[in-house]
There are 2 protein chains.
Amino acid sequence: MRLQQSQLKTPSRIPSDPLQRAWVALGRVSQAIQCHVESALKDAGFPELSWYTVLWELERAGKPTRPKDLAIPLFILPYQLSRLVDRMQSEGLVKRIQCEEDKRGHMLEPTAKGFALRKAMWAVYAPAMDEAMKRIDDKEALKLADLLNKLGGIEHTDCSDKG
Amino acid sequence: MRLQQSQLKTPSRIPSDPLQRAWVALGRVSQAIQCHVESALKDAGFPELSWYTVLWELERAGKPTRPKDLAIPLFILPYQLSRLVDRMQSEGLVKRIQCEEDKRGHMLEPTAKGFALRKAMWAVYAPAMDEAMKRIDDKEALKLADLLNKLGGIEHTDCSDKG
DNA sequence: CTGAGATTGTTGCAATCGCAACGAAACCTC
DNA sequence: GAGGTTTCGTTGCGATTGCAACAATCTCAG
């Protein structure tokens, strides 16, 4: 989760100007874009993006899934997920199913209402994402994704996240 | 602040696969990197990055500054800044100075303690940023910054944000 | 089998957040 | 200069968050 701190060999390096530029741009732009999509969802009366992501991840798994198996890909802490599921469950969007193999935990499964909500949210989410990203073309988007994935230490793969 | 919603001509476009890839990468990577730096600061016993940013912006201005003039570049809501300043003031890091020209507001100014803290934080912040971004080289960083700024609708300028 | 230790998930509490409402001063129009 | 509107900044309140502590179960060496 957390990247490693520099070792003896690298005594407190100051980031180069290009790195600082990239850092600043990354912070500002990701915030702006994220905010744009969140606002679109909220304006449409939908819950926040994390709800969508949980529903989508469950749907994508195609079978009841343990919280711990969700937490890692979602890059979210266990207690955060626990409470997120609390709220979603109280809205009738997911179910907690007794888990036989491991009685500590349980399986998560979206309800019909959960499926429906995810689909409805996508109808707002997709255009909002498209609108937020329209300033770059497909070629630039691929280049951007590659650079970001390299930055994040993720090799170029073909797993797509489309809904 | 909020980007414009699509018009009649563009009926609910679905983002292309490259755009979706870029979107996903942007979310994941910016979160990971941000998290890495925040952890480094916390582990060193320092407050969160937003405190640094406020102090830095004030220092960069070089003169007492109105909250509203800070809120825009910081991309933060007025009430968020108001409470952030409350906390920072109660730690003796900034002062609110009576503003003569406009009696609704006030000026913000870092204290000596504020200056010192920002400098101390940079000693942790800089290496953490460098560590988090070391997977890309300067050339890639510039390309990344350009793409991000284009995505965010910011033209390439020479204003640097280095501390 | 047994007890130490790791894993899974939840919860009490205090801190922080978003929202909407607010007070006060500035601005603007007639 | 009176009255309506806008801007600046704050605040009450309920929802959400992070942290550390926790219970329950699983794992596994001896």
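The analysis underlying the following values was restricted to heavy atoms, covering all of them including side chains, and did not include hydrogens, waters or symmetry mates. Chain letters run A, B, ... following the sequence lines, proteins first, then strands; residues in each count from 1.
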(request) Would you mind checking if A:K42 and A:E48 are paired as a salt bridge, meaning a charged N to carboxylate O distance below 4.0 Å? (result) no
(request) List for me each residue that meets side chain to side chain donor-acceptor pair (under 3.5 Å) alongside A:Q80, sequence neighbours excluded, and say none if there are none. (result) none
(request) Starting from the 5' end of DNA chain D, give me the residue, A:E100 or A:L84, whose nearest nucleotide shows up first. (result) A:L84
(message) To check you understand the geometry: which heavy-atom pair defines the closest contact between A:L55 and A:P110, and what is its length?
(response) CD2-CB, 4.2 Å
(request) For DNA chain D, note the earliest and the latest nucleotide, 5' to 3', having some atom under 4.0 Å of a heavy atom belonging to chain A. (result) D:dT16 to D:dC26
(message) In whole Å, I'd like the distance from the CD atom of B:Q98 to the P atom of C:dA24.
(response) 15 Å
(request) Could you tell me whether A:R21 and A:D17 make a salt bridge, using a distance below 4.0 angstrom between a side-chain N and a carboxylate O? (result) yes
(request) Flag yes if A:W23 and B:M121 sit in one hydrophobic cluster, no otherwise; membership is Ile, Leu, Val, Met, Phe, Trp, Tyr, and two members link when side-chain heavy atoms are under 4.5 Å apart. (result) yes
(request) Any chance you could list the contact pattern along nucleotides 7-13 of chain C? Use B for base contacts, S for sugar-phosphate-only contacts and - for none, protein heavy atoms under 4.0 Å, 5' to 3'. (result) BSSBBBB
(message) For the CZ atom of B:R96 and the NE2 atom of B:H106, what is their distance to the nearest 0.5 Å?
(response) 5.0 Å
(message) Do the side chains of B:K139 and B:D137 get close enough for a salt bridge, i.e. N-O under 4.0 angstrom?
(response) no
(request) For B:E91 and C:dA15, give me the distance from atom CD to atom P, rounded to whole Å. (result) 12 Å
(message) I'd like to know if B:R60 pairs up with B:E57 as an ion pair, taking the criterion as any Lys NZ or Arg NE/NH1/NH2 lying under 4.0 Å from an Asp or Glu carboxylate oxygen.
(response) yes
(request) Take the protein atom CD of B:E38 and the nucleotide atom C1' of C:dT16, then report the distance between them rounded to whole Å. (result) 14 Å
(request) Would you kindly give the CG-to-C1' distance between A:D43 and C:dC19, to the nearest whole Å? (result) 13 Å
